[in-house]
Amino acid sequence: MEYNFSEIEKKWRKHWAENQTFKAEDASDKPKFYVLDMFPYPSGAGLHVGHPLGYIASDIYARYKRLCGFNVLHPMGYDSFGLPAEQYAIQTGQHPAITTEQNVARYRDQLDKIGFSFDWSREVRTSSPEYYKWTQWIFKQLFDAWYNLSTDKAETIEQLLAIFKSAGNANVNAHTDYTTVFSADEWNAKSEQEQSAILMEYRLAYLADSWVNWCPALGTVLANDEVINGLSERGGHPVEQKLMRQWSMRIKAYAERLLTGLEKVDWTDAIKDIQRNWIGKSVGCSVKFSLASSLSDPDTSGLEDNVIEVFTTRPDTIFGVSFMVLAPEHPLVDEITTAEYKAQVEAYKTAASLKSERDRQADVKNITGQFTGAYALHPFSGEKIPVWIGDYVLASYGTGAVMAVPCGDQRDYDFAKQFSIPIKNIFENVAIEEAAYTEKEGVITNSDFLNGLAVKKAMEVAIQTIEANGLGKGKTNYRLRDAIFSRQRYWGEPFPVYYKNDIPYLLADNQLPVILPDVDKYLPTEDGEPPLARAKQAAWNQFEGDRMETNTMPGWAGSSWYFLRYMDPKNETAFVSKEKADYWNQVDMYIGGSEHATGHLLYARFWTKFLYDLGFISFDEPFKKMINQGMILGRSSFVYRVKDSLKFVTNTKKDNYETTPIHVDISLVDNDKLDLEGFKAWRSEFANAEFICEDNGDYICGHEVEKMSKSKFNVQTPDELVDKFGADTLRMYEMFLGPLEQTKPWDTKGISGVHNFLRKLWRLFYQDGSLVLNDAPADKAALKTLHKTIKKVTDDLERFSFNTNVSNFMICVNELTDQKCHAKEVLEQLVILLAPYAPHVSEELWVILGHEAGTISTAKFPTFNPDFLVEDEIAYPVSFNGKMRLKVALPATLSAKEVEEAVMALSDTQKWLEGKAPKKVIVVPGKIVNIVY
RNA sequence: GCGGAUGUGGUGAAAUUGGUAGACACGCUAGACUUAGGAUCUAGUGCCGAGAGGUGUGCGGGUUCGAGUCCCUCCAUCCGCACCA
């Protein structure tokens with residue numbers, strides 16, 4: 001019997017599907033283990049070999065955990081709302097649901113071929129109404145919640161309303177920018193409209209006018225992380241700034257908890273650092289500067305009522321302030337600018353607003369600014385400080401204004417030099433002629449009550465004094481911004497929101513889901529309204545008030561909680577039941593790409609914390625451990641076209657001609673050798689191609705490692721490899737490629753090595769068509785090989801070293817082959833070890849070993865017995881001055897002293913000593929001998 | 001500029017705590033076998049050298065009996081952030 005992988009694999013996939021082998025039970029005596037992959041967006045292109053890499057690793061781990069006696073949850077689904085299906089709909093008119101359905105079917109087909117142990121009964125799709133009903137429901141909870149800083153958690157708006165009605169907002173400590181204080185009576189006297197507007201300032205999901213990244217080509221708003229270098233991530237269209245009324249999520253309320261929560265999770269430092277950086281915490285204090293009116297300019301009278309509030313991380317340098325800078329968009333700019341400077345300030349503001357965010361950032365070297373004519377007063381010295389505007393100050397960070405300390409900040413220093421503003425030095429014994437002194441150490445001078453204090457101490461004293469004088473207070477700022485939650489797209493979740501007199505209201509729970517209505521076209525309306533504005537009233541399954549919300553939710557809405565839905569995917573009365581959420585709890589192992597560091601992974605943590613605050617789940621971090629698989633790069637092939645001709649020259653001779661490299665489809669290339677006829681047939685323009693070949697008549701292509709993409713013709717699909725070599729080979733080969741986390745080039749050359757390994761394994765069972773398995777007790781060498789392998793495989797799995805495990809299996813099979821071992825006793829254990837990696841052939845061999853069909857996934861994982869590894873002899877490497885020169889086999893029982901004596905007695909030792917006496921002999925028992933001479 | 005990661009044969013890589021550098025595999029060389037199979041088997045394969053031997057983990061230093069591994073300087077590549085006060 002031969003190793004017929006295609007029949008074996010087909011048979012077992014059918015068996016698993018029919019018997020629901022991998023269905024997870026919601027309750028079990030076994031401990032639970034949740035292994036999750038980041039679910040894919042089902043794109044039209046299907047899977048390439050890079051996609052399954054993480055899925056294979058997680059599948060191996062899930063299968064391993066099952067063998068270790070865990071109740072494993074290992075689900076899969078689709079993040080099926082998204083732009084490509086919508087773009088396709090715009091072009092063809094085909095409803096995105098149809099496109100999505102087709103793509104999902106193709107993905108499923110491809111995934112099935114690889115033999116994953118997913119529990120498909122739990123599949124979720126973010127675009128199905130049964131799923132997005134609950135996405136809408138969670139949105140409702142966010143709308144109906146505020147953040148209580150006193151309890152440091154989200155609470156319901158109902159609770160907040162009760163306080164407002166009985167006591168006003170004076171004692172409410174909420175995360176909000178709303179500063180007006182009102183009493184209970186005042187609140188109760190307000191109109192519904194006024195109350196709604198105030199509550200909006202507290203809600204975690206809120207409507208606000210915000211500056212957004214507007215992409216005219218896509219007709220939609222994009223999140224910061226969907227914009228790359230001023231272009232849209234999808235499509236590469238230009239993006240501009242625009243003020244729009246948008247739904248936002250008050251994620252800033254969770255900034256500190258998102259930061260501290262990172263300490264509780266087992267993620268790589270790289271991802272944690274990206275998130276920390278994104279949250280961007282900085283500690284300092286706010287300081288209020290009052291404005292001075294000028295006697296000579298009557299225009300400035302009354303200015304002293306205004307204050308400019310700044311945020312600084314260096315309150316210790318307050319006496320170094322020699323000017324202030326406001327962002328051009330700062331609301332006080334118009335008010336404080338004197339008549340003399342009006343025109344120049346207006347011109348500067350206009351110039352700044354015309355520059356895109358991207359230009360402003362790209363233009364760091366070019367220092368620009370404009371004096372406003374106004375002066376502020378130093379809070380301690382009372383000195384007059386000129387107030388400038390400059391676009392290096394960002395309106396969206398801190399207070400949009402800075403106190404400039406040129407001696408301690410390089411940007412302030414450059415600005416001062418540019419505009420000849422005096423620079424005051426407040427650092428003792430530090431030269432600032434060339435550059436600012438930005439170290440946070442040293443001693444402060446020229447600074448009144450801070451004189452003689454070390455920087456750290458001066459910060460404390462400065463904050464104390466500022467607070468004591470009512471000039472400001474200690475404050476922490478975060479760079480993290482609230483997340484815009486509206487998109488002007490069709491293919492996303494509709495909001496469970498309607499408007500009456502322009503006040504937004506939620507639909508009732510029993511009206512959910514609000515189903516995506518049909519529209520005639522998937523484009524924005526002529527007035528720039530989102531596509532849903534095209535829907536006729538009758539097209540909505542729910543319609544209340546004057547109009548429905550026509551924005552849809554962003555892509556990250558559905559993916560921020562899908563891991564919870566897998567726990568209870570069919571629940572019609574809750575997004576997940578409390579019991580099931582308690583049972584399955586956190587994701588124990590999450591595998592996916594690191595590109596989601598500031599998007600999905602941050603939002604999912606935010607929603608998890610929110611749902612935890614409201615008591616729906618009992619954990620506040622979703623992903624306990626995470627591994628980020630590296631990208632698999634493609635290997636592109638090139639042909640070299642001789643300039644102005646249809647001649648193509650082989651790689652080794654291309655330097656003799658003037659050529660242009662052209663990407664050629666990798667399916668036409670085998671081991672760099674081009675299929676000439678295939679190439680001519682590939683594209684009509686090459687039908688009459690001529691070739692300048694190697695001397696043996698072959699045409700050899702050049703190659704380069706690049707990202708896989710259709711346009712580079714270097715996409716390798718898993719399907720053809722599965723057909724050629726089988727899923728078990730593909731699974732093992734993808735693991736064998738290198739460490740999971742590493743970026744690595746794809747190359748099919750090595751796949752035969754893995755395939756040959758499986759054939760060699762098969763030959764331990766069948767040789768020349770007949771079964772060679774025997775019941776005889778295994779000899780010592782075979783047991784040693786087996787237990788050595790058990791140990792290595794277990795250890796390597798625990799540290800997620802999937803690649804070295806493949807070689808462990810190869811070594812094991814090589815040794816057993818050399819030993820001519822066909823003992824059931826040994827092979828049975830080996831097959832269980834291998835089952836997570838090569839599940840199909842393992843199932844087949846398991847049956848051949850006499851077990852019931854389909855039971856290997858519940859077998860017991862072998863345990864390592866060190867007794868089998870005990871050695872009688874150790875081959876000691878002997879080095880001289882650290883260089884290994886010879887080996888000597890000595891009994892394992894020898895003491896260090898005995899080893900030394902035995903080694904010194906060797907004639908070879910004397911030879912290497914060249915007659916010199918050894919100065920020192922180091923013996924590490926069981927390991928090595930080093931002789932220093 | 002800041003933060004993170006990586007750098008080892010012709011190629012993918014291994015070396016978990018400092019202890020034989022290059023396991024395992026691809027490729028290549030030579031040979032065997034044959035029912036010609038993306039077979040199988042044997043031997044070899046870091047570099048220099050006929051050999052003895054020398055040399056070798058991005059560069060340069062250091063610690064140590066011993067360094068791919070620890071410390072310092074520098075270089076290169078990749079990823080993320082970037083006027084964040």
Side-chain angles (χ1 to χ4, degrees), chain A residues 2 225 268-278 280-282 284 310-314 317 324-325 327 360-367 390-394 396-405 408-412 414-415 477-480 594-595 597-598 630-631 670-671 724-725 733 736-739 741-757 759-760 763 792 795-796 798-799 801 803-811 814 817 875-887 918-924 926-933:
Chain A
E2 287 298 304
D225 39 297
T268 62
D269 286 340
I271 298 279
K272 286 187 183 184
D273 279 334
I274 291 172
Q275 289 212 347
R276 286 194 190 106
N277 195 272
W278 191 260
K281 179 179 182 175
S282 50
V310 301
F311 172 76
T312 179
T313 56
R314 297 294 303 273
T317 64
M324 299 188 78
V325 187
R360 266 169 82 158
Q361 282 173 12
D363 207 10
V364 176
K365 295 263 152 55
N366 210 349
I367 300 158
D391 67 3
Y392 81 96
V393 177
L394 305 176
S396 54
Y397 182 76
T399 61
V402 300
M403 58 177 225
V405 182
D409 183 285
Q410 193 57 45
R411 292 154 307 167
D412 297 347
D414 295 340
F415 194 90
N477 251 329
Y478 299 92
R479 191 164 58 206
L480 182 71
S594 56
E595 67 272 18
T598 55
M631 206 187 347
D670 190 18
N671 261 337
K724 246 177 179 172
F725 299 100
Y733 184 59
F736 192 52
L737 234 39
E741 297 92 334
Q742 206 168 86
T743 300
K744 42 203 174 274
W746 177 261
D747 197 333
T748 327
K749 265 200 244 154
I751 199 166
S752 61
V754 174
H755 191 62
N756 290 343
F757 154 76
R759 299 169 62 103
K760 198 164 178 177
R763 286 200 300 275
K792 279 158 93 183
D795 288 354
D796 285 1
E798 291 297 342
R799 64 191 179 102
S801 182
N803 55 327
T804 51
N805 255 347
V806 177
S807 89
N808 289 335
F809 288 124
M810 289 173 170
I811 293 167
N814 288 347
T817 303
Y876 276 96
V878 182
S879 43
F880 293 78
N881 287 343
K883 286 198 169 59
M884 212 285 287
R885 297 299 186 187
L886 55 99
K887 277 189 208 174
K919 283 186 198 148
K920 202 172 176 184
V921 179
I922 289 118
V923 178
V924 184
K927 281 248 165 92
I928 198 167
V929 179
N930 190 18
I931 298 171
V932 188
Y933 67 98

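Numbered from 1 within each chain, the chains take letters A, B, ... in sequence-line order. Note that the coordinates shown come from a computational prediction; the quantities given were computed from them, not determined experimentally.
For the P atoms, the distance from C47(B) to A39(B) is 26 Å, rounded to whole Å. G22(B) sits 13 Å from A15(B) when the P atoms are compared, rounded to a whole Å. Using atom C1' as the reference point in both U16(B) and U11(B), the two lie 25 Å apart (nearest Å). Atom name C1', nucleotides U20(B) and C28(B): the rounded distance is 26 Å, in whole Å. On the P atoms, A25(B) is 42 Å away from C74(B), given to the nearest whole Å. When the C1' atom is used for both C84(B) and A13(B), the distance is 42 Å, rounded to whole Å. Rounded to the nearest Å, the gap between the C1' atom of A21(B) and that of A82(B) is 41 Å. Distance check on atom C1': U17(B) versus A50(B) gives 43 Å, rounded to whole Å.
Note that CD1 of I751(A) is 11.5 Å distant from CZ of F736(A), once rounded to the nearest 0.5 Å.
Rounded to whole Å, the distance from CD on Q275(A) to P on C2(B) is 23 Å. For the pair I751(A) CD1 and G27(B) P, the interatomic distance rounds to 12 Å; values are reported in whole Å. As rounded to whole Å, 11 Å separates atom P of G53(B) from atom CG of L886(A). In this structure, CE of M324(A) is placed 11 Å from C1' of A85(B), rounded to the nearest angstrom. Rounded to whole Å, atom C1' of A85(B) lies 14 Å from atom CG of D414(A). Rounded to whole angstrom, the span from the CG atom of D796(A) across to the C1' atom of A14(B) amounts to 10 Å. One atom, CZ of F757(A), and another, C1' of A25(B), lie 12 Å apart when rounded to the nearest Å. Rounded to a whole Å, the CZ atom of F736(A) is 8 Å from the P atom of C26(B).
Residue N756(A) places at least one side-chain N or O closer than 4.0 Å to OP1 or OP2 of U40(B). Residue R799(A) places at least one side-chain N or O closer than 4.0 Å to OP1 or OP2 of A15(B). OP1 or OP2 of A23(B) has not a single side-chain nitrogen or oxygen of N808(A) nearer than 4.0 Å. Distances shorter than 4.0 Å separate none of the side-chain N or O atoms of S396(A) from OP1 or OP2 on C84(B). Side-chain N/O atoms of N803(A) include one lying less than 4.0 angstrom from OP1 or OP2 on A14(B). Between R276(A) and the phosphate of C2(B), there is no side-chain N or O to OP1/OP2 separation shorter than 4.0 Å.
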For N930(A) and K920(A), run side-chain hydrogen bond (donor to acceptor under 3.5 Å, both in side chains): C-alpha distance rounded to whole Å, both residues' side-chain angles, the deciding distance at 0.1 Å, then the answer. CA-CA 8 Å; N930(A) 190 18; K920(A) 202 172 176 184; over 6 Å; no
Which is it for Y933(A) and K919(A) under the side-chain contact (heavy atoms from CB on, under 4.5 Å) test, yes or no, and what are the steps along the way? CA-CA 5 Å; Y933(A) 67 98; K919(A) 283 186 198 148; 5.8 Å; no
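With the nearest nucleotide of RNA chain B identified for both F311(A) and D269(A), D269(A) has the one nearer the 5' end. Mapping K792(A) and T743(A) onto RNA chain B via the closest heavy atom, the residue that lands nearer the 5' end is T743(A).
Among the heavy atoms of the strands lying under 4.0 Å from Q742(A) are primed sugar atoms or P, OP1, OP2 only; no base atom is included. Among the atoms of the strands shown, base atoms are found under 4.0 Å from some heavy atom of N930(A). As judged by a 4.0 angstrom heavy-atom cut-off over every strand, K919(A) is placed among residues making no nucleic acid contact. Looking at heavy-atom distances under 4.0 Å, I811(A) makes contact with sugar-phosphate atoms alone, never a base.
Comparing C24(B), G19(B), A14(B) against the side chain of V924(A) picks out G19(B) as the nearest. Between A23(B), A14(B), A85(B), one nucleotide has an atom nearer to the side chain of S807(A) than all others, and that is A23(B). Closest to the K744(A) side chain, of the nucleotides A21(B), C41(B), A13(B), is A13(B). Comparing atom distances between the T313(A) side chain and each of A85(B), G54(B), A15(B) picks out A85(B) as nearest. In the set U16(B), C41(B), A13(B), C41(B) carries the atom at the smallest distance from any side-chain atom of R763(A). Side-chain atoms of R411(A) lie closest to A85(B) of the nucleotides A39(B), A85(B), G4(B). Residue M810(A) has its side chain nearest to A25(B) when only A85(B), A15(B), A25(B) are considered. In this structure, the nucleotide among G4(B), C24(B), A14(B) sitting nearest to the side chain of P739(A) is A14(B). Out of U16(B), C84(B), C65(B), the shortest distance to the side chain of V932(A) is found at C65(B). Residue K927(A) places its side chain closer to G19(B) than to any other of U40(B), G19(B), U55(B).
Base-pair partner of C70(B): G62(B) (Watson-Crick or G-U wobble, both distances under 3.5 Å). C84(B) makes up no base pair with any nucleotide shown, lacking Watson-Crick or G-U wobble contacts both under 3.5 Å. Checking U57(B) for Watson-Crick or G-U wobble geometry (two distances, each under 3.5 Å) identifies no partner in any strand. Of the nucleotides present, C79(B) is the one that pairs with G3(B) by Watson-Crick or G-U wobble criteria, both distances under 3.5 Å. Applying the Watson-Crick and G-U wobble criteria (two distances, each under 3.5 Å), A23(B) pairs with nothing in any strand. A43(B) is paired with U29(B) under the criterion used here, namely a Watson-Crick or G-U wobble arrangement in which both key atom distances are under 3.5 Å.
Ion pairing of D273(A) with R276(A) is present here, as a side-chain N (NZ or NE/NH1/NH2) and a carboxylate O approach within less than 4.0 Å.
Taking every heavy atom of both residues into account, V393(A) and A327(A) meet most closely at O-CB, 3.3 Å. Considering all non-hydrogen atoms of both residues, P918(A) and I931(A) come closest at CB-CG2, 3.8 Å. Residue Y733(A) comes nearest to K749(A) through the heavy atom pair OH-N, 4.5 Å, listed as atom of the first residue, atom of the second, then distance.
Residues I811(A) and K792(A) are in side-chain contact: their nearest non-hydrogen atoms beyond the backbone lie under 4.5 Å apart.
Put simply, the side chain of Y876(A) never gets that close to the backbone of K887(A): no donor and acceptor are under 3.5 Å apart.
Glycosidic torsion of G9(B) falls within 90° of 0, placing the base in syn.
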